[in-house]
Number of protein chains: 4
Amino acid sequence: MNFASDNTAGAHPAIVAALAAASDGRAMPYGNDPWTERVAARLAALFEREVAVFPVATGTAANALALAALTPPWGAVLCHEAAHIQVDECGAPELLTGGAKLVPLAGDHGKIAAGALDAALARGVFGVVHSVQPSVLSLTQATESGTVYTPDEVRALAGRARAKGLAVHMDGARFANAVAALGVAPAAITWRAGVDVLSLGATKDGAFAAEAIVFFDRARADGFAYRRKRAGHLFSKMRFLSAQLDAWLADDLWLANARHANAMARRLAEGLGRLPGVHLQHPVEANAVFAALPGAVIARLAAAGFRFYRWPDDTADAVRLVTAWDTRADDVDALVAAAREGIDQSS
Amino acid sequence: MNFASDNTAGAHPAIVAALAAASDGRAMPYGNDPWTERVAARLAALFEREVAVFPVATGTAANALALAALTPPWGAVLCHEAAHIQVDECGAPELLTGGAKLVPLAGDHGKIAAGALDAALARGVFGVVHSVQPSVLSLTQATESGTVYTPDEVRALAGRARAKGLAVHMDGARFANAVAALGVAPAAITWRAGVDVLSLGATKDGAFAAEAIVFFDRARADGFAYRRKRAGHLFSKMRFLSAQLDAWLADDLWLANARHANAMARRLAEGLGRLPGVHLQHPVEANAVFAALPGAVIARLAAAGFRFYRWPDDTADAVRLVTAWDTRADDVDALVAAAREGIDQSS
Amino acid sequence: MNFASDNTAGAHPAIVAALAAASDGRAMPYGNDPWTERVAARLAALFEREVAVFPVATGTAANALALAALTPPWGAVLCHEAAHIQVDECGAPELLTGGAKLVPLAGDHGKIAAGALDAALARGVFGVVHSVQPSVLSLTQATESGTVYTPDEVRALAGRARAKGLAVHMDGARFANAVAALGVAPAAITWRAGVDVLSLGATKDGAFAAEAIVFFDRARADGFAYRRKRAGHLFSKMRFLSAQLDAWLADDLWLANARHANAMARRLAEGLGRLPGVHLQHPVEANAVFAALPGAVIARLAAAGFRFYRWPDDTADAVRLVTAWDTRADDVDALVAAAREGIDQSS
Amino acid sequence: MNFASDNTAGAHPAIVAALAAASDGRAMPYGNDPWTERVAARLAALFEREVAVFPVATGTAANALALAALTPPWGAVLCHEAAHIQVDECGAPELLTGGAKLVPLAGDHGKIAAGALDAALARGVFGVVHSVQPSVLSLTQATESGTVYTPDEVRALAGRARAKGLAVHMDGARFANAVAALGVAPAAITWRAGVDVLSLGATKDGAFAAEAIVFFDRARADGFAYRRKRAGHLFSKMRFLSAQLDAWLADDLWLANARHANAMARRLAEGLGRLPGVHLQHPVEANAVFAALPGAVIARLAAAGFRFYRWPDDTADAVRLVTAWDTRADDVDALVAAAREGIDQSS
């Protein structure tokens with residue numbers, strides 16, 4: 001009954017099995033192995049084009065290294081003010097880019113408002129030596145608020161950025177959830193919409209610890225192997241990262257996991273949404289539900305053993321509930337029932 | 001028949017099983033889990049004192065982050081000229097320390113010569129603003145040449161360094177092999193001998209990808225959690241790192257694996273050492289054999305399917321042969337036999 | 001007739017003379033010279049306490065190096081959203097701190113609003129490994145809007161910051177103007193009000209290029225000499241920096257220069273303020289006037305040879321007019337007259 | 001009677017006068033001034049080609065910024081083991097390049113031995129992800145040992161480096177002395193011999209504090225303005241740097257100063273060289289004399305008020321004597337006489 005985060009889930013049995021199988025025998029290190037090759041081929045097929053792929057183990061590494069490939073140290077990275085790179089990575093982008101600056105932009109429901117981006121791009125800082133130079137737009141898909149950008153929205157924002165010479169990064173820690181929510185081809189919300197580099201996350205969607213940095217423009221990956229290595233993110237036994245990704249991509253496990261998580265979030269949202277005194281704060285499009293509800297009810301849920309975070313912080317009368325590939329409908333229903341009971345008793 | 005590196009081995013079945021078991025169900029992220037707690041307790045017991053422990057996934061991360069905790073950005077890290085941090089980490093220490101300088105020292109068989117350290121410490125650079133300030137001595141145990149420092153040797157070098165105010169780091173990517181070779185308590189070649197921080201490697205000794213940064217002086221770990229995070233090395237599903245370390249430490253698996261690898265290296269050394277035209281270049285104390293032998297024989301071994309690196313580079317008439325927890329005596333014997341046959345035919 | 005910036009002024013004759021005098025003969029380098037010693041003594045007297053002093057040549061260097069001494073690389077520096085460190089230093093603080101993050105705060109007239117600081121300090125990020133750690137409050141005195149913080153205001157903001165463990169930095173590129181405006185002892189708006197380190201600027205107030213980083217708590221200066229050197233900011237012929245500061249501090253030249261500049265700004269503000277259609281955007285307390293006026297009048301002033309910047313950017317119907325130690329009353333009056341004439345003709 | 005360093009000299013009267021003149025009146029900041037324009041034109045004429053020029057105030061800044069323009073953070077800079085960048089800049093190159101590694105090479109008399117460079121370039125590290133990538137060869141002209149590379153020597157070393165894809169940097173803190181010694185066109189030992197970027201030093205040759213980073217290939221200067229700014233090395237009152245360089249370049253003052261300094265060194269070398277018990281350690285080609293002589297004599301010279309450094313450190317029975325633009329023949333002769341007297345008395 002853990003709704004604290006999708007990173008509290010274990011790994012999917014198919015991934016566990018793949019890892020065990022990959023462990024049998026010897027393989028050459030640092031990515032010179034069949035699993036890593038296979039992952040590259042699978043991602044090329046999935047994205048319908050040649051890509052350069054670099055597996056790493058954490059989302060923070062994927063994001064910060066990807067940004068480092070796109071911005072000079074004197075660059076600025078435009079992102080949503082609630083973006084993971086801005087608030088949850090303890091300055092990793094600053095470290096790995098050599099000191100680039102993140103510029104937070106506003107926007108409802110975790111999505112950058114076009115107007116906020118326009119304003120940022122209209123500032124007269126381009127070519128001015130005193131100012132960091134806007135170099136990257138980073139979009140989070142699905143967002144930190146559990147919403148998704150449509151292909152048109154990605155294209156519109158990315159287009160604005162590219163028109164001013166910026167590269168476009170997508171933080172896809174929950175990319176699978178976004179694809180599942182939108183029902184589109186992965187290409188439609190990435191390179192076809194103007195994205196240059198994707199941080200593709202498997203960890204939250206059923207892996208142990210596996211992310212892939214995917215370059216759609218392979219030229220941008222020049223020197224990236226050194227960048228990854230010198231940040232300590234090149235695995236010697238790379239097959240263990242790649243085997244996770246391989247199993248995750250096989251038979252559309254990635255999509256099935258994400259669909260399940262999304263469905264559980266919808267079920268939760270529908271259940272809670274019907275309760276008096278509960279207010280859903282964001283559209284529930286991916287695998288997270290943000291709900292305002294009475295403090296007494298929150299306390300009751302916690303006492304009943306449900307785990308979650310008050311959001312945006314400990315003092316809020318609101319919670320974030322995240323579902324994952326292994327969330328059970330029974331647990332969802334139990335939470336809704338407990339909330340209902342709490343509300344009934346409070347009133 | 002892969003002798004290229006101990007990192008070409010898979011994970012030990014007990015570690016595979018532990019990982020699978022750890023995957024069952026939910027656990028809180030970022031190290032707030034029972035596995036991580038257990039690892040800390042096991043290491044405290046193993047080292048006979050309180051320690052601060054930070055699991056990471058690669059040896060390069062462990063080393064570079066540990067050094068970053070010990071040196072200011074204007075510091076110098078004294079190490080052997082063949083140390084992994086100096087030649088095999090693509091500048092990771094420079095990146096993560098914020099630009100500290102590595103100072104390579106000479107010494108036979110991969111071990112820093114006391115005289116070389118003395119000379120470095122005698123240079124009149126302390127307190128001179130134009131010079132980087134010697135801040136850390138880094139010892140590799142077991143060394144890159146397959147040798148080990150005795151407790152007295154560690155104490156002597158560490159003592160010299162500490163007398164001048166330097167901290168002492170140990171790159172223990174093959175620490176288990178060193179303990180197995182020396183038959184001493186882990187404490188005897190670490191904190192009791194003057195080591196402040198250890199990069200303790202499990203990856204080469206039977207894990208998938210797991211290292212622990214061990215601080216013997218917990219005060220030195222102040223702020224280290226941020227350092228790890230901002231380098232992208234804090235795992236959300238930390239239990240998967242910790243479960244590996246937990247199983248590796250349980251029932252002395254770490255030691256059994258290392259003893260086996262060392263025994264295989266000795267068997268290989270004894271076999272090869274008896275052949276005419278073969279010269280062992282370093283004492284074989286841990287799990288690597290460095291042997292000069294005729295180029296024609298090397299070519300023959302490669303053609304026969306044995307994998308290894310010519311050493312120090314592709315043009316050398318010498319090879320590095322590394323054994324691991326899973327090296328089979330039969331394969332060792334086969335290699336020796338093939339070498340003997342090659343020598344017989346060449347002569 | 002240049003009102004573009006106080007950095008378009010030359011050096012004061014007394015400073016020119018001092019530099020010429022200092023050039024006569026030999027002196028030991030790197031600060032081991034009588035001028036540098038004298039500057040330290042003068043600043044100790046001026047601030048009524050022992051200080052550690054480090055001359056550098058640019059305000060950006062002074063600020064970024066000072067911040068680097070106060071924050072770990074994973075720290076956050078709270079500052080006004082218009083602060084020089086945030087918008088005009090091209091990421092120098094990020095570079096020299098090793099990647100710390102600047103957190104912009106709102107506030108009218110260039111001064112951080114207490115409420116904005118409270119909100120920033122109330123965020124539940126302290127001790128949370130995912131977040132950069134608030135480490136420094138940076139105040140600009142005088143501000144980028146030509147206003148000044150009173151001693152009480154400094155104390156109130158610094159007190160809030162210190163209560164949460166933050167250090168306090170003051171960007172005093174125009175510190176002299178602030179002292180002149182407030183008529184207080186320098187100590188009253190620095191260490192007595194909770195400031196730990198001051199970037200004290202002479203460049204804009206009559207020097208060629210000279211700033212002093214002043215540590216009120218000398219313990220914080222530990223290692224700072226290395227920090228300055230490795231950023232390339234240690235002058236070999238240091239006497240030439242110090243001779244400027246020495247002359248600037250002698251006979252209260254610093255204060256006289258600032259008083260004159262402030263007086264010229266007041267004269268300008270009074271003149272413009274009386275004109276119909278002119279709106280002064282900020283209180284004029286130091287040496288800058290921010291005035292909204294008709295675009296046609298702005299164009300006329302430019303055509304008449306007055307130099308200034310439209311502010312905040314080229315499209316604004318508003319200007320920034322900065323006065324300096326050498327601004328002549330005649331030029332001020334000429335500008336006011338030209339503006340009056342323009343307004344008359346426009347209406 | 002100061003022979004400690006050429007940086008103990010003051011500024012040449014012509015430069016003092018130029019600075020005073022430049023201070024009269026207003027000028028636009030950050031290099032948009034006639035002095036800076038003129039310096040660029042003078043250097044284009046001097047080097048017989050278009051160049052991109054960036055004035056800075058210290059040699060360490062010039063070197064470290066120039067290197068940062070030539071190497072990625074994962075690069076290696078090959079230099080002489082006694083190079084200023086390696087031993088006297090407290091890690092500035094490491095900081096400003098984002099962590100590149102310096103690789104010290106041996107060679108007599110401060111000059112990189114061709115064999116040492118060949119060996120470094122022959123190492124199988126190119127394209128190997130574990131190794132920093134050799135990216136720059138840095139030559140010091142004149143060297144730290146007071147010698148100079150001939151045009152052929154520069155061409156030979158630079159050619160080797162360029163053949164392997166490295167860029168070539170020249171640390172010309174004493175470039176004027178080298179040109180004066182060789183009697184060649186500046187182009188002959190820079191771009192015509194394969195040098196890409198020159199750190200051109202005026203400080204030691206008669207300026208207060210002024211160096212110019214000169215890019216012979218302007219494309220390499222892309223983004224360099226941001227690099228300089230974010231390191232705090234863009235002067236607001238740039239005219240004061242440029243006015244120094246302008247006067248230094250006018251009427252061949254740079255060359256006259258250097259010729260004088262070199263002549264004084266030769267006079268010193270000839271005088272000392274004739275004394276029994278004195279051994280000149282390096283050819284005296286520029287403005288420094290390295291001489292071994294009895295400790296008692298050294299002590300005597302110091303007692304007589306001559307200032308110099310024992311070299312390479314305080315314990316050596318050898319000294320470094322540096323001459324400058326203002327060294328007087330009388331002082332040289334006095335030192336020789338005092339040494340002779342000392343030797344006579346010792347024997």
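In what follows, chains carry the letters A, B, and so on, assigned in the order in which the sequence lines appear, proteins first and then strands, with residues in each chain numbered from 1.
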Going by the angle between their ring planes, with limits at 30° and 60°, are F3(B) and F306(B) parallel, tilted or perpendicular? tilted

Tell me, side chain or backbone of A4(A) under 4.5 Å from chain B's heavy atoms, or both, or neither? side chain

So, for F240(B) and F235(B), is the gap between ring centers shorter than 6.0 Å? no

Part of L19(B) lying under 4.5 Å from any heavy atom of chain A: both

Measure L241(A) against the heavy atoms of chain B and call it side chain, backbone, both or neither at under 4.5 Å. neither

Are D205(B) and N257(B) close enough that a side-chain donor and a side-chain acceptor fall under 3.5 Å? no

Contacting moiety of N2(A), where chain B heavy atoms sit under 4.5 Å: both

May I ask you to name which of T58(A), L65(A), N63(A), T60(A) has the most heavy-atom pairs under 4.5 Å with chain B? T58(A)

Quick check on the interface: out of V16(A), L96(A), D326(A), who has the most heavy-atom pairs with chain B under 4.5 Å? D326(A)

Under 4.5 Å from a heavy atom of chain B, the part of D6(A) involved: backbone

Quick check for you: among E89(A), K229(A), H233(A), R307(A), which has the greatest number of heavy-atom pairs under 4.5 Å with chain B? H233(A)

In terms of heavy-atom pairs under 4.5 Å with chain A, which of A62(B), S23(B), A61(B) leads? S23(B)

Do you know which two heavy atoms are closest between D33(B) and W35(B), and how far apart they sit? OD1-N, 2.9 Å

Would you indicate whether D313(A), at its atom CG, is surrounded by more than 12 heavy atoms from other residues, nucleotides or ligands within a distance under 6.0 Å? yes

Using distance alone, with no hydrogens and no angle criterion, decide if H260(B) and T327(B) have a side-chain donor and acceptor under 3.5 Å apart. no

Would you mind checking which part of A207(B) comes under 4.5 Å of any heavy atom in chain A, side chain (CB onward), backbone (N, CA, C, O), both or neither? backbone

Is A20(B) close to chain A through its backbone or its side chain, or both, or neither, when contacts mean heavy atoms under 4.5 Å? both

With a 4.0 Å cut-off, would you call D333(A) and R267(A) a salt bridge? yes

Between R239(B) and T8(A), do the side chains contain an N or O donor and an N or O acceptor separated by less than 3.5 Å? no

Taking every heavy-atom pair that is under 4.5 Å apart, which of K204(B), M1(B), E94(B), M28(B) has the most such pairs with chain A? M28(B)

Would you kindly say whether E144(B) and H84(B) are connected by a side-chain donor-acceptor distance under 3.5 Å? no

Sort out for me which of I15(B), L234(B), V56(B), L95(B) touches chain A most, counting heavy-atom pairs under 4.5 Å. L95(B)

Specify which of S236(A), A11(A), S5(A) makes the most heavy-atom pairs with chain B at under 4.5 Å. A11(A)

Look at the rings of H12(B) and W325(B) and say which category their plane angle falls in: under 30° parallel, 30 to 60° tilted, over 60° perpendicular. tilted

Can you say whether T203(B) sits under 4.5 Å from chain A via the side chain, the backbone, both, or neither, judging by heavy atoms? both

